[in-house]
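Have a look at the structure below, then the notes.
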Amino acid sequence: MKMLKTLLGTTAIMMASSNAQGQSIDYGSLEMMFGEPVTEGATGTPKQASETPINMTIVTSDEIRRSGARDIPEILRRTAGIDVQRLGQFGANIGIRGRNNDGQRLRVLINGRDTFRPYEGTTVWAALPVSMEEIRQIEVVRGPATALYGANAVTGVINIITFSPLYDRQNSVTARYGDNGLREVSGVSTVPLGDLGGIRLSGGYTEFDRASAPLTASNRLVRPLEPDTLRFAGDGLFNITDTLKVGFEGTFFEGDTLAQNNIGLADTGETDDYSLRVYAALDSGLGRWTLQAFQNNIEESRNNIIDIGTGPFVFQQSINAKTKYIDLSNAQSLGATNVRFSVGYREDVVDQFGGNISDGTGEVGYNTFFVSGLVDHTLSDTVSIAVSARYDSLDAFRTADEIPGVIPFTNDDFGTYNEISVNAGLTYKASDVDTVKFMYARGFQAPNLFELGGQIIQTTAFPGSFGIGGTPETDSAITTQYEIQYLRSLSELNGTLSASVYLRKDADIIARTVLGTLYPVATGGFYIGSDNVGSAETIGFEVDLKGKTDSNVMWGLSYAFADTSSELDSEGGTPVSSVYPFVQENYSNRSAKHILTGNIGYQKDKFSIDALLQFKSGFQSFTDFTNIPGVRDPFREVDGVWIGNLAAHYQLTDNIRLSLVGEGLFDKIRQEAVDISLSPERRIWAGIGFSF
């Protein structure tokens, strides 16, 4: 009987996957068939989340709706192992399993399209061109996954899947009005085109008042009084023949952004981002072929507040970056074995930014060729194994003007990074309700474009020639992880249990610009560049328990522990002088070690309510790269914090839904990040949603 169930499930999944990948999968039908969400992100073939060869959690659209959250970071707060640091009204910093310092080791995708900012290797969450109403599910991968998703997915992956224009019918508009000047409207509409296919359109506008957290005079100068954002997205999927589908996707974002830089301080800016993606899927006698290409364009102006002991000043940047990407994949089933092969090319460039004569004279970038393969084999009714490997060749280049005597490298110093990534997982179904996964991963984090030399800051604050910037000799950082996960279906609780334990090792950690290595230059001054500064080790575990009672009470409880120790090559940093000793990054206590999260929800007839309670332990970090005795201490303690959210909904009619939501209810202002000016405020709003 077990074999028959397995065969039926495999056949259904392969039939569903024969159409195309991404949004062309009928997620809704598969979810109803198997009683849980499915994903194709891990292997290229649709699988139940519990059967993927990696540690993955899928947040469903129903969970998003019940939570009342109006942005993605607040949804991710509910997931075990994720550390969400709110930054003011609309910013956020998100890390997985410790070391939540700048988010550059987490890869974020929308329908498989990369949203990474290659110059800093980060994601600006407020600038994601996606509205909550259009999200079908969010796939959260914990641990290195660069063999499956590409470079820099070394702590995890967030893949946001929107409703399909082909299979889903989602039409709604939501308006929100609340304190702190919140005014928002967003919506989504799918337009069926009969047998030809369908189109999906979405958009939104959000406006706030400036945060009332403690702001210095410099903060007030650069923070807008009423930050706002505007976003649009549209995509279509079309049946060209019975075996060929083609699609497109375009996005646009314009607005104010707030992010945390590598020393924990605020970066305020404005950005115009847009992207275009095209894709095609063909079923043939040789399996399913998919072709995808996209281009991301980012135009950003940024205001940084810098204080090197002479008082704060505003440092302005104008950033222009572009990513081009194309890949071809083939997936096919050979009996008990599923095989996937991919080959592709990627180009990332940024106009070099400099403090003066180096500004805008050329580009710094990567040309990347990659090839990957995956084998997913069912050994028996109870055992399956999946192994994926990927080879990346990143050819770094710089076309900007050389500045002899000031910048201690030339364009010829840029070289090639050849990296190998591996993900392997063995899944053992001990019984109908018990599953154990054994996982190994090796991933890499390439230096971002600023760490290579795309940002060269020169100043006259010091005698002689003084520069801060990247270094083309910086090596990739390598991450390996060993993990065991236990999954159990709890029929008596109508729920599930997930428990994981892991060991992660980071080698050749990259220190950002000013915290790197000191290079003397010919003019008698010095230049501080990026460098590999040592290693770190993180041990941790997560327990996640979910259930539902007969009286329609839904509940969840999770605990995540992550403890990092580090061995740095240069404790205390590079002393530039007795007056300006630079401080080394602190990795051992950079983010919350303990995160305890509980949520409970209840639904009856037209009314539903959902509550979340979270405790995050404190941590130590720094807010400056210099240590000036008697003037300021760059290290700062951030206390533990309790966070409470509450959402209530009432279905007034079949088409009208009322909501009242509060986030961060315990404190008017709370501090989750190092910079107190980034403290978020309590947020309460009312919403009304119309479906049609």
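No experiment lies behind these values; they were computed from the predicted model shown.
- Here salt bridge (charged side-chain N to carboxylate O under 4.0 Å, His left out) pairs that include residues 146-158, with residues two or more places apart or in two chains, number zero.
- The closest side-chain heavy-atom distance from Ser535 to Ser566 is not below 4.5 Å.
- For the pair Thr162 and Val130, the minimum side-chain heavy-atom distance is below 4.5 Å.
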Criterion salt bridge (charged side-chain N to carboxylate O under 4.0 Å, His left out) on Asp506 and Arg105, from CA distance to verdict: CA-CA 11 Å; Asp506 300 313; Arg105 295 154 18 99; 3.5 Å; yes
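- In this structure, CG in Asp83 is found 11.5 Å from CG in Leu76, a value given to the nearest 0.5 Å.
- Taking the six-membered ring where the residue is Trp, His594 and Phe561 present tilted rings, their angle falling between 30° and 60°.
- Taking 4.5 Å as the limit, some side-chain heavy atom of Thr597 sits within range of a side-chain heavy atom of Ser558.
- Counting heavy atoms from C-beta outward, Arg78 and Glu63 have side chains that stay 4.5 Å or more apart.
- For the atom pair OH (Tyr325) and CG (Asp114), the distance works out to 8.5 Å, reported to the nearest 0.5 Å.
- Between Phe294 and Tyr279, the gap from one ring centroid to the other reaches at least 6.0 Å.
- Atom CG of Asn111 is separated from atom OG1 of Thr251 by 10.5 Å, given to the nearest 0.5 angstrom.
- Formation of a donor-acceptor pair under 3.5 Å by the Asn423 side chain with backbone atoms of Pro144 is found in this model.
- Checked by atom type, the side-chain pair Glu483/Gln485 shows no donor-acceptor distance below 3.5 Å.
- Between the side chains of Asp610 and Ser67, not a single donor N or O lies within less than 3.5 Å of an accepting N or O.
- Using modelled atom types, one finds a donor on one side chain and an acceptor on the other under 3.5 Å when comparing Gln292 with Asp327.
- Side-chain atoms of Thr79 and Val59, non-hydrogen and from C-beta on, do get closer than 4.5 Å to each other.
- How far CD of Glu249 is from CZ of Arg200: 6.5 Å, rounded to the nearest 0.5 Å.
- In terms of heavy atoms, Asn418 sits closest to Tyr391 at OD1-OH, 3.0 Å.
- With values rounded to the nearest 0.5 angstrom, Ile199 atom CD1 is found 4.5 Å from Phe238 atom CZ.
- Within a 6.0 Å sphere centred on CG of Asp195, heavy atoms belonging to other residues, nucleotides or ligands number 12 at most.
- In plain terms, the two heavy atoms of Pro118 and Asn448 that are nearest each other are O-CB, 3.4 Å.
- The closest side-chain heavy-atom distance from Lys437 to Thr52 is below 4.5 Å.
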Full working for ring-ring contact (aromatic ring centres under 6.0 Å, His included) between Tyr482 and Tyr440: CA-CA 5 Å; Tyr482 308 86; Tyr440 166 80; 5.4 Å; yes
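- Applying the side chain to side chain contact (heavy atoms under 4.5 Å, CB included) test between Leu374 and each of Leu148, Val387, Val339 identifies Leu148 as the sole match.
- Relative to the six-membered ring of Tyr502, Arg504 misses at least one condition, a distance below 6.0 Å or an angle of at most 45° to the axis.
- In this structure, Arg346 is not positioned above the aromatic face of Phe370 in the sense of NZ or CZ being under 6.0 Å from the six-membered ring centre and within 45° of the axis.
- A salt bridge does not link Asp434 with Lys429: every distance from a Lys NZ or Arg NE/NH1/NH2 to an Asp or Glu carboxylate oxygen is 4.0 Å or more.
- Looking at Val157 and Leu109, their side chains come closer than 4.5 Å, going by heavy atoms from C-beta outward.
- Between Trp555 and Asn599, every side-chain heavy-atom pair lies at or beyond the 4.5 Å cut-off.
- The two atoms that bring Ile94 and Leu106 nearest to each other are O-CD2, 3.7 Å, heavy atoms only.
- Arg77 has a carboxylate O that lies under 4.0 Å from a charged side-chain N of Glu74, or vice versa, which qualifies the two as a salt bridge.
- Panel note: side chain Ser617, backbone Lys593; a donor-acceptor pair is recorded below 3.5 Å.
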